[in-house]
Q: 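Structure provided below as C-alpha cells; questions to follow.
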Number of protein chains: 2
Amino acid sequence: MVIDAALQLVESEGSGALSMRRLAADLGVATTTIYWHVGNRDELVVALIRRHAQRMGESVVNGDHPRDRVLSAARNIWTSALSHRNVTALANQVGATTLLHLPLEVTLLAELQAAGLEDGEAADALRAILFCTAGFLVAAWRDEERVPVELQRRALWASVRDPRVSDGALDALAGEPDTQSLFETALVAIVDAALAGCSGSGRGDGGVDPGGDGPDR
Amino acid sequence: MVIDAALQLVESEGSGALSMRRLAADLGVATTTIYWHVGNRDELVVALIRRHAQRMGESVVNGDHPRDRVLSAARNIWTSALSHRNVTALANQVGATTLLHLPLEVTLLAELQAAGLEDGEAADALRAILFCTAGFLVAAWRDEERVPVELQRRALWASVRDPRVSDGALDALAGEPDTQSLFETALVAIVDAALAGCSGSGRGDGGVDPGGDGPDR
DNA sequence: ACCTGAACACCGTTCAAGT
DNA sequence: ACCTGAACACCGTTCAAGT
C-alpha cells in the first residue's frame with residue numbers, strides 16, 4: 001500500500017526523504033502512479049498522518065487526584081510525540097498536529113473538565129498546554145539538527161560578554177538543556193495556574209494534603 | 001546589496017519566496033552571481049537573519065519590581081517576533097532563532113538574575129520562557145496558513161462527539177483562540193513558578209505590595 | 001574582482017497514451 | 001481500473017569561461 005510505504009519512509013529516514021519520486025522508486029513503480037493512488041503530495045501526507053494516528057492506540061491516564069490525571073494526560077502527548085518524532089515533525093510542518101493527537105487531546109480535555117474547569121477555562125487550559133508542549137518539542141528536536149555549529153545556541157551563548165549577567169549563567173546556557181525536566185517544570189506551572197481555585201484540584205503548595213483516598217498507588 | 005534584497009523579499013513575500021533564482025531575477029543578474037556573493041543559500045539566510053538582528057535596536061524594559069521587569073523583557077521577545085513574523089519564521093525553520101533574538105535574550109537573562117535567580121536557575125527559567133514562547137508563536141501563526149480547512153483545529157474539534165467532554169468546551173475549541181492572552185497567562189505562570197521563593201520577587205498573590213519604591217512610574 | 005551560460009541532479013505535477 | 005513516458009515549471013549547485 002502506498003500510504004504505508006510513505007509512512008515507513010518518513011519514520012525511518014525523516015520527512016525530508018519523502019518525495020514522490022523516491023516513494024515511487026521504493027515501490028518499484030513510475031512516479032505518476034503515485035498520483036493516481038493519492039492524488040497529491042499534500043493528500044498523501046494527510047493520509048499518512050491519519051494512518052499513524054489510528055495506529056497508536058488509546059492512552060492510559062494514571063493518578064487518583066484530578067491534578068495528577070491532568071498531568072498524566074498531558075505527558076502522554078509529550079511522550080507520544082517524542083517517540084515518533086519524524087511523523088510528528090512532519091505533522092508540525094503542514095500544520096496537522098491536531099489531526100495526529102486529537103484522541104490524546106480529547107482525553108486531556110476530559111481530565112481538565114473532571115478537575116473542575118468550566119467550558120471556556122478547560123478549552124484555554126488545553127490550548128495553553130498544547131502550545132507550550134509544541135514549543136518544548138521543537139526545542140528537544142532542534143539539538144540534533146543540521147544547524148551549523150558556529151551559530152548554535154551553545155556557541156552563541158559562549159560568545160556573550162555582558163556585565164549584567166554572571167559567567168555562571170552563561171556557562172549553564174552554553175551546555176545542553178535538560179528538555180525533559182524543563183518541560184515537566186513548565187507543565188506543572190501551567191497546570192497549577194489553570195487549576196488554581198478549583199475545588200479538589202489538590203495544588204499542594206501549602207495546602208493540606210488530603211492523603212490517599214484511592215486504593216492503588 | 002544582495003542580503004538586503006533577500007531580507008526585503010522575505011519580509012514582503014515570506015520565506016517561501018526566497019529562492020536563488022527569484023532573488024537573482026529581482027536583482028537583474030544571473031542566478032550564479034548570487035553564489036559568488038554569498039556562497040550558499042544557507043549562508044545567505046544566516047547573513048539575512050544577522051542583518052535583521054542588528055537592525056532592530058535595543059529593547060526597553062519596563063517596571064519597577066523585578067517580576068514586572070522579567071515579564072516585560074519576555075514580552076519584548078514575543079512582540080518582536082510577532083511584528084517580524086516572516087523573518088522569525090525563517091529563523092525558526094533553520095534553527096537560528098537564538099541568532100535573531102540573542103540581545104533580547106541576554107536582557108531577559110539579566111532581569112532573571114536581578115530578580116534573584118542563581119546561575120542555573122536563571123538559565124533554566126530563560127530556556128523555559130523561550131521554549132514556551134516559541135510554541136505560542138507557532139500557534140499564533142498557524143491560523144493563517146494554507147492548511148486545508150477540513151483538517152484545521154476548528155473543524156476537527158467541531159466533529160468530536162465524546163461523552164467525557166461537554167459541548168460547551170467543544171464549542172470553545174471550535175472557535176478562534178486568543179493567542180495573545182493565552183500567552184500572557186502562560187508566561188505569568190512560568191515566571192511566577194521560576195521566581196517562587198526568591199527574595200523580593202513580588203509574586204503578589206496574597207503577599208503585601210511593597211508600593212512604589214522608585215521615583216519614576 | 002565580478003559576472004555569465006550551460007549543465008547536473010533534484011523537485012511536484014499534468015496529460016495523453018497505453019493495457 | 002491501473003500504470004506509463006514525456007513534458008513543464010520549478011529548485012540548489014558547480015564549473016569552465018568570459019571581461
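Computed over heavy atoms, backbone and side chain alike; hydrogens, waters and symmetry mates excluded. All chains are named by letter (A, B, ...) in the order of the sequence lines, taking the proteins before the strands, and each is independently numbered beginning at 1.
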Q: Here's a test of your reading of the structure: between A/Thr32 and A/Trp36, which maps to the more 5' nucleotide of DNA chain D?
A: A/Trp36
Q: Indicate the ring-plane relationship of B/His52 and B/His84, choosing parallel, tilted or perpendicular according to the 30° and 60° boundaries.
A: perpendicular
Q: Where is the tightest heavy-atom contact between B/Ala81 and B/Thr88, given as atom of each residue plus distance?
A: O-OG1, 3.4 Å
Q: Under 3.5 Å for both distances, Watson-Crick or G-U wobble, that's the pair rule; now give the dot-bracket for DNA chain D, with | marking pairs to another strand and [ ] for crossing ones.
A: ||.|||||...|||||.||
Q: With sequence neighbours left out, what residues match A/Gln8 under side chain to side chain donor-acceptor pair (under 3.5 Å)?
A: none
Q: Between A/Asn76 and A/Thr107, is there a side-chain heavy-atom distance shorter than 4.5 Å?
A: no
Q: Between A/Thr185 (side chain) and A/Ser181 (backbone), is there a donor-acceptor pair under 3.5 Å?
A: yes
Q: Between the side chain of B/Thr98 and the main-chain N/O of A/Arg153, is any donor-acceptor distance below 3.5 Å?
A: no
Q: Students should find this one: the first and last nucleotides of DNA chain D, 5' to 3', lying under 4.0 Å from a heavy atom of chain B. What are they?
A: D/dC11 to D/dC15
Q: Please work out if A/Ser19 contacts a base, only the sugar-phosphate, or nothing of the nucleic acid, heavy-atom cut-off 4.0 Å.
A: sugar-phosphate
Q: Want to settle it: does B/Arg21 or B/Thr31 sit nearer the 5' end of DNA chain C, counting the closest nucleotide to each?
A: B/Thr31
Q: Should the pair A/Phe183 and A/Phe136 be assigned to parallel (<30°), tilted (30 to 60°) or perpendicular (>60°) ring geometry?
A: perpendicular
Q: Please determine whether a side-chain nitrogen of the Lys or Arg among A/Glu111 and B/Arg164 lies less than 4.0 Å from a carboxylate oxygen of the Asp or Glu.
A: no
